[in-house]
Amino acid sequence: MDDAQIYAAIGEEGFQRLVGLFYRQVPTDDILGPMYPKDDLAAAEQRLRDFLVGRFGGPQRYIEQRGHPRLRMRHAPFPIDREARDRWMELMGHALDEAQLPPDVTEFLREFLAGVATMMMNRAE
Ligand code: HEM
């Protein structure tokens, strides 16, 4: 399984389902809820979805609209310590479990997302 095969396997719909299931948990989360824009969560959902779609072989909407991802820089305003990183992965883990994507896709995405989440940490342990 390589990156471009993921979009071919799950399409727009698979990413939409996954990211929707993730964001559904955000507003009531005590760590992540306060970090995300309350009135504009749908737009945030769209940004993550478009990023993943483009990253895994689909249309390049994210780059067209937002430019180079520069994810570490874009996360710099948010205090992401180990606890916040682990919580993000916990919610994403629920989403991956619930989305019922093909098992090889689920495991590929879980590893990718965990690796990027670790890179987003910007506060000392
Ligand atoms: C480690 C824990 C993480 C935390 C606490 C976190 C938090 C946030 C927050 C608060 C935003 C702003 C919401 C918005 O208005 O778009 C954001 C944006 C974003 N995040 Fe994360 N994030 C994490 C990990 C990740 C990971 C692992 C990815 C990708 C694999 C990711 C991709 C993005 C993208 C694409 C955006 C939109 C950036 C933009 O265009 O402005 N994040 N994140």
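All heavy atoms count here, side chains included; hydrogens, waters and symmetry mates do not. Ligands are counted one by one from 1 in listed order, and the atoms in each one are counted from 1 as well. Keep in mind that this is a model prediction, so the values were computed, not measured.
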Under 2.8 Å from atom 21 (Fe) of ligand 1 - protein N/O/S, by chain and number: His75 NE2
Protein contact to atom 1 (C) of ligand 1 [nearest heavy atom, distance to 0.1 Å]: Ala117 O, 3.5 Å
Identity and separation of the nearest protein heavy atom to atom 16 (O) of ligand 1: Arg47 NE, 2.8 Å
Aromatic ring pairing Trp88/Phe22, orientation class (parallel under 30°, perpendicular over 60°, tilted between): tilted
Spatial distance of atom OH (Tyr36) from atom OH (Tyr23) [nearest 0.5 Å]: 4.5 Å
Close-contact set for ligand 1 against Met35 heavy atoms, below 4.0 Å: 5 (C), 10 (C)
For Ala44, atoms of ligand 1 separated by under 4.0 Å from a heavy atom: 13 (C), 14 (C), 15 (O), 16 (O)
Gln65 atom CD, over 12 foreign heavy atoms within 6.0 Å: yes
Approximate separation, where rounding is to 0.5 Å, of Glu12 CD and Arg49 CZ: 6.5 Å
Same apolar cluster (I L V M F W Y, side chains within < 4.5 Å links), Leu48/Leu21: no
Residue pair Asp50, Arg61: steps toward the salt bridge (Lys or Arg N to Asp or Glu O under 4.0 Å) verdict: CA-CA 6 Å; Asp50 285 352; Arg61 285 190 304 267; 2.8 Å; yes
Per-atom contacts of ligand 1 with Leu32, taking only distances under 4.0 Å to non-hydrogen atoms: 5 (C)
Nearest neighbour in protein (non-hydrogen) for atom 7 (C) of ligand 1: Tyr36 OH, 3.1 Å
Nearest neighbour of atom 5 (C) of ligand 1 from the list Thr118, Leu109, Ile80, on a heavy-atom basis: Ile80
Heavy-atom nearest neighbour of atom 29 (C) of ligand 1 within options Ile31, Val116, Asp29: Val116
Worked verdict on Arg85 versus Met120 for side-chain contact (heavy atoms from CB on, under 4.5 Å): CA-CA 8 Å; Arg85 180 261 176 225; Met120 291 309 121; over 6 Å; no
Leu32 CG to Ile80 CD1 distance, which is reported to the nearest 0.5 Å: 8.5 Å
Element-labelled atoms of ligand 1 that are located less than 4.0 Å from some non-hydrogen atom of Tyr62: 38 (C), 39 (C), 40 (O)
NE2 on His75 to CE on Met121, rounded to 0.5 Å: 13.0 Å
Heavy atoms from other residues, nucleotides or ligands near CD of Glu90 exceed 12 (cutoff 6.0 Å): yes
Over 12 non-hydrogen atoms of neighbours within 6.0 angstrom of CD in Gln100: no
Atom indices of ligand 1, in the order listed, that fall short of 4.0 Å to a heavy atom of Leu113: 27 (C), 30 (C)
Subset of ligand 1 atoms that lie under 4.0 Å from at least one heavy atom of Arg66: 39 (C), 40 (O), 41 (O)
Inter- and intrachain pairs under salt bridge (Lys or Arg N to Asp or Glu O under 4.0 Å), touching residues 28-42, at least two apart: Asp29-Arg87, Asp30-Arg87
Under 4.0 Å to a heavy atom of Pro37 - the qualifying atoms of ligand 1, by number: 13 (C), 15 (O)
